[in-house]
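Structure first, then comments.
Because only heavy atoms are used, hydrogens play no part in the values below, and waters and symmetry mates are left out as well, while side chains stay in.
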Amino acid sequence: MKGRPAAGHPMLMEARGVSAGVMDVCLHHHEKFNGKGYPDGLDGERISLLAQLGAVCDVYDAITSNRPYKTGWAPAHSVQKMAQWSREGHFDETVFQAFVKTIGIYPIGSLVRLSPNRLGVVVDQAPAGLLTPTVKAMFTIDTRQYCKPELIEIGQPGSEERIVSRETAEPRGLSGLDDFWREGSESTPLRAPLTAAP
């Protein structure tokens, strides 16, 4: 596995039209800011900015994606884990914080609990704040049933709802959450009532 970057780099060198930046990201996206990465054990500013950005994006993609050997983590949980790894020296803190500002504290696709009793999926980020995304409410906790999807812009005038916490779909028996953030409010199909534990 650790030989992949070094093996892929000469392949790209043989191709035409590949920029130096792409070549660098291919070779160094597994380097860590603390020098404990591979293939060259680069540290700090010896890792180009593009490779540092590539490293953060690569890790996020890897841990949120479903693979044959594992289920991807929820977006919000993934950001939380990456913040821990950043403190341990995996990433440059400034680069990681810029990434978080781009995707938000509650990344698109995150399941959140809204006050007072609904669950929703984050569908968009708000330029004004990391804690005020647009959420599609679609599940009522009290009745344990899907409800008509409603778009809520958290923190906007007239909106009284707020995000109470991050949630995990599995304990509530929810599935198909990707449908809610990929499709528009009107085209999202309603689901049958669930009998999941509260």
Side-chain angles (χ1 to χ4, degrees), residues 1-13 15 18-112 121-127 129-135 163 165-171 174-182:
M1 288 291 286
K2 289 187 176 182
R4 291 178 301 122
H9 189 260
M11 291 179 191
L12 282 180
M13 288 182 71
V18 180
S19 71
V22 169
M23 301 278 290
D24 181 51
V25 173
C26 172
L27 184 59
H28 294 125
H29 68 280
H30 284 293
E31 301 287 359
K32 294 180 182 176
F33 205 69
N34 60 13
K36 296 182 179 178
Y38 59 88
D40 297 323
L42 301 179
D43 64 347
E45 300 304 320
R46 295 172 60 210
I47 309 168
S48 74
L49 179 59
L50 280 179
Q52 291 182 46
L53 292 168
V56 173
C57 295
D58 179 66
V59 169
Y60 183 77
D61 178 66
I63 63 179
T64 57
S65 297
N66 290 326
R67 302 290 169 87
Y69 52 87
K70 74 164 188 73
T71 301
W73 292 347
H77 177 65
S78 298
V79 170
Q80 185 178 19
K81 292 297 292 183
M82 288 177 69
Q84 175 188 331
W85 297 335
S86 185
R87 290 189 297 272
E88 294 170 357
H90 289 220
F91 315 116
D92 174 86
E93 191 64 24
T94 302
V95 170
F96 176 68
Q97 290 303 324
F99 175 79
V100 172
K101 286 180 181 178
T102 300
I103 66 168
I105 299 295
Y106 303 105
I108 291 174
S110 298
L111 181 67
V112 294
V121 177
V122 175
V123 297
D124 200 5
Q125 297 298 323
L130 299 176
L131 299 174
T132 56
T134 300
V135 177
I163 295 176
S165 62
R166 297 181 181 99
E167 290 285 325
T168 305
E170 290 77 17
L174 300 177
S175 62
L177 294 184
D178 286 353
D179 294 342
F180 288 99
W181 68 264
R182 287 185 178 148

Looking only at heavy atoms, what is the nearest atom pair of Pro5 and Leu27, with distance? CB-O, 3.5 Å

Minimum-distance pair of heavy atoms, taken over all atoms of Pro133 and Asp124: CB-O, 3.2 Å

Distance, nearest 0.5 Å, that separates CD of Glu45 from CZ of Phe33: 5.0 Å

Would you mind reporting whether Trp85 and Ile63 have side-chain heavy atoms less than 4.5 Å apart? yes

Donor-acceptor pair between Glu93 and Gln97 side chains, under 3.5 angstrom: yes

Within the structure provided, determine whether Leu131 and Ile163 are in side-chain contact (heavy-atom separation under 4.5 Å). no

Smallest separation among heavy atoms of Gln52 and Gly44, with atom names: NE2-O, 3.8 Å

Mind checking whether Met23 and Leu50 have side chains closer than 4.5 Å, heavy atoms only? no

Enclosure of Lys2 NZ (heavy-atom neighbours >12, cutoff 6.0 Å): no

Rounded to the nearest 0.5 Å, how far apart are NE2 of His77 and OG1 of Thr64? 11.5 Å

Rounded to the nearest 0.5 Å, how far does CD of Gln84 lie from NE2 of His90? 8.5 Å

Nearest-0.5 Å distance, CG of residue Asp92 to NZ of residue Lys32: 15.0 Å

Over all atoms of both residues, closest heavy-atom pair of Ala76 and Ser110: N-OG, 3.5 Å

Closest heavy-atom contact between Val18 and Leu12? CG2-O, 4.0 Å

Distance, nearest 0.5 Å, that separates NE2 of His29 from SG of Cys57: 11.0 Å

How about Arg87 and Phe96: do any of their side-chain heavy atoms sit closer than 4.5 Å? no

Quick one: does Tyr60's side chain get under 4.5 Å of Ile103's, heavy atoms only? yes

Glu31 versus Gly41, closest heavy-atom pair with distance: OE1-N, 3.1 Å

Met82 side, atom CE; Phe91 side, atom CZ - distance, nearest 0.5 Å: 4.0 Å

Note, Ile105 side chain near Val79 side chain (heavy atom, < 4.5 Å): no

